[in-house]
Amino acid sequence: MNAQLALVLLMLAVAVAMFIANRPRMDAVALLVIVTMPLTGIITMGEALAGFSDPSIVLIAALFVIGEALVRTGIARRLGDWLDAKAGGSETRLLVLLMAAVGGLGALMSSTAVVAIFIPVVLRICQNRGTAPSRLMMPLSFAALISGMLTLVATAPNLVVNAELMRQGAQGFGFFSFTPFGLPLLVLGIGYMLFARRMLGGKAGPAVEAKRRPSLRDWVEAYGLSARAHRVRLAPGSPLAGRRLEEVSLRAAGVNLLAIERGTRRTLDVIRPMARTRLEAEDILLVDVLATPQEREALYQTWRVEPLPLGDGDYFSDRSQELGMVEVILPVESRLVGSTVLEARVRSEYQLTVIGLRHGAKVVADDLLHERLKVGDTLLMVGFWSSIGALQDHLDDMVVLNMPAELEEVLPAASRAPQALAVLGLVVALMVSGVIPNVQAAIIGCLLMGLLQCVDFNSAYRSISWKSLILIVGMLPFSLALQRTGGVDLAADAVIALVGEAAPHLVLGTIFVITALLGLFISNTATAVLMAPVALAIAKDLGASPYPFAMVVALAASSAFMTPISSPVNTLVVGPGQYSFGDFVKVGVPFTIVAMIVSVFLIPIFLPL
């Protein structure tokens, strides 16, 4: 061993020790590696920074953006709600469905992409159930890693090993050559995580903290609104059809028009009612009615409208993506003080409707429209979320007192879900077909998501986990340094000397162990690059088929369960799951042993030596 190799190994040991102690944080350790490695003279500063231009790093960043588009359009939420509904009240069923879904999708696209897509899904499920994200995030990463063992294109190490086979004159693996090994491991992985999750259940993260904001339901109860909400349809002969809202006196009759639903069931639009909005036959009106039941029935007959079921929940809660509420308080200088609710013209000024009023703690229940406003009064207003957000421009007249908890659930681009699904399908198809590199397919997906308004630039940049990217980039210099100092060649010679005369199963097991251990320190793709030639050389020396030896390297490279830095898949879930380095060690090491036993047992059966 030369002095330079000894120095690299020492630095690697120090970095791993800091990872284990979690002092300083892992991305800070990665930056220290980038700064100090060029000081050894083994690599240059440019080479240390080259990871920032690595296609895998760009791919991960692009997949964060695609995942954000799926969140903003509601696809991730719907998928999470579907999994949550299918699981019922059983966390066991939820874990099984989650890992099966991740494994199936990951067999057709990048496992890193799958994790980026499913992280917000899992966080939403945890929020709904009050479950610690730590109980589901590691099962998510394990399923994604195992998905790399299901098909040829599922992960980069498979393609690296396959390319090495063809370079040496072999035919290469088929698309489903990996499936006989990955499928049993996925089943075992699900069973293992049902047990191992008990070691991960003590860390409740921000996603499951109790909400401090009032909900829309709280306000509906506090202001007595449930009996005032109605849905009505304009009959073809209605006198309101064809007229603009400024031509009819709905408000004077005690009816607040909040929104208009127009279109078919499949293409239903929610329209903001403005003075010049023209009503049409078959429009569905969402109205807040202050009139008595007798007056309301008389109005319905006069206007020829048909009452409809309210929908799912109280006070148009099924329209909470478009309609929201806000509580405001009137300051001393407000020009609204002294006027009645009707005279204040809040609707025409702010596109919001006053539906509740409190003098101190007392809720005004009768004759709301003609109640005079006083300093310190609290108004409850309803309207489109965009109008609620614009209230910050009118702080002289009213001050926002409370925003509802549902504000955090509003999807900025809910109407773009079909476009986002189409783009996702295109990206997956491009990745599966191999027509263009994965990173190029992902960037095309990002551009299309932006073009179709599924995501904007600000949200795209915010969605990228820079901490994860820095961590991955900071570990890449070790791979180059080990190759340049002869560490890789030394390891290859040692393996051949150690297992050259051993039984085939022991040879395969040894290669698996060395590959898995090497993967603790460098990426699984780099591990496959380094170990594939070694494994094929051993097969040649033994006069055996190259396929079992190539396969064991691919499976071991994907068995990166033991540390949070052994695969980007693990790194991505560290933050959301609030895991430490030790969490991966205590859960990942036993399952890596299981993966080794299964691989060594099955490989000679399906790929004879």
Inset, instruction - Kindly indicate, with the supporting measurements, whether the criterion side chain to side chain contact (heavy atoms under 4.5 Å, CB included) is fulfilled by M449 and V65. - result: CA-CA 9 Å; M449 289 291 190; V65 176; 5.6 Å; no

Inset, instruction - Name the orientation class of the two ring planes belonging to F142 and F561 (parallel below 30°, tilted from 30 to 60°, perpendicular beyond 60°). - result: tilted

Inset, instruction - Using the side chain to side chain contact (heavy atoms under 4.5 Å, CB included) rule, take N570 and T563 through it: C-alpha gap first, then chi angles, then the decisive distance, then the call. - result: CA-CA 7 Å; N570 293 345; T563 73; 5.7 Å; no

Inset, instruction - Could you tell me whether a side-chain N or O of S433 sits under 3.5 Å from a main-chain N or O of L430, the two making a donor and an acceptor? - result: yes

Legend entry - Listed once per pair and sorted, the ring-ring contact (aromatic ring centres under 6.0 Å, His included) pairs that draw on residues 529-550, sequence neighbours left out: F173-Y547

Review item, side-chain donor-acceptor pairs of residues 31-42, under 3.5 Å, at least two apart:
from	atom 1	to	atom 2	distance (Å)
T36	OG1	L32	O	2.7
T40	OG1	M37	O	2.6
T40	OG1	I42	N	3.3

Inset, instruction - Please answer whether the main-chain N or O of G148 pairs with a side-chain N or O of N158 as donor and acceptor at a distance below 3.5 Å. - result: yes

Inset, instruction - Go through the steps for L136 and L94 under the test side chain to side chain contact (heavy atoms under 4.5 Å, CB included), then give the verdict. - result: CA-CA 9 Å; L136 292 177; L94 172 62; 3.9 Å; yes

Inset, instruction - Apply the side chain to side chain contact (heavy atoms under 4.5 Å, CB included) test between Q453 and each candidate in R72, R416, Q419; give the one that qualifies. - result: R416

What pairs of donor and acceptor atoms, side-chain ones from residues 595-609 against any protein atom, are under 3.5 angstrom apart with sequence neighbours left out?
from	atom 1	to	atom 2	distance (Å)
S599	OG	A595	O	2.7

Inset, instruction - Sequence neighbours left out, what pairs pass side-chain hydrogen bond (donor to acceptor under 3.5 Å, both in side chains) with at least one residue falling in residues 168-192? - result: E164-Q168

Legend entry - Ionic contact status for E68 with R462, cut-off 4.0 Å: no

Inset, instruction - Report the residues that fulfil side-chain hydrogen bond (donor to acceptor under 3.5 Å, both in side chains) with Q4, sequence neighbours left out, ordered by chain and then residue number. - result: none

Inset, instruction - Taking N162 for its side chain and G172 for its backbone only, find out whether a donor-acceptor pair lies under 3.5 Å. - result: no

Legend entry - T510: partners by side-chain hydrogen bond (donor to acceptor under 3.5 Å, both in side chains), with sequence neighbours left out: none

Inset, instruction - Test side chain to side chain contact (heavy atoms under 4.5 Å, CB included) on L123 and M137 and set out the steps. - result: CA-CA 9 Å; L123 288 176; M137 283 295 170; 3.7 Å; yes

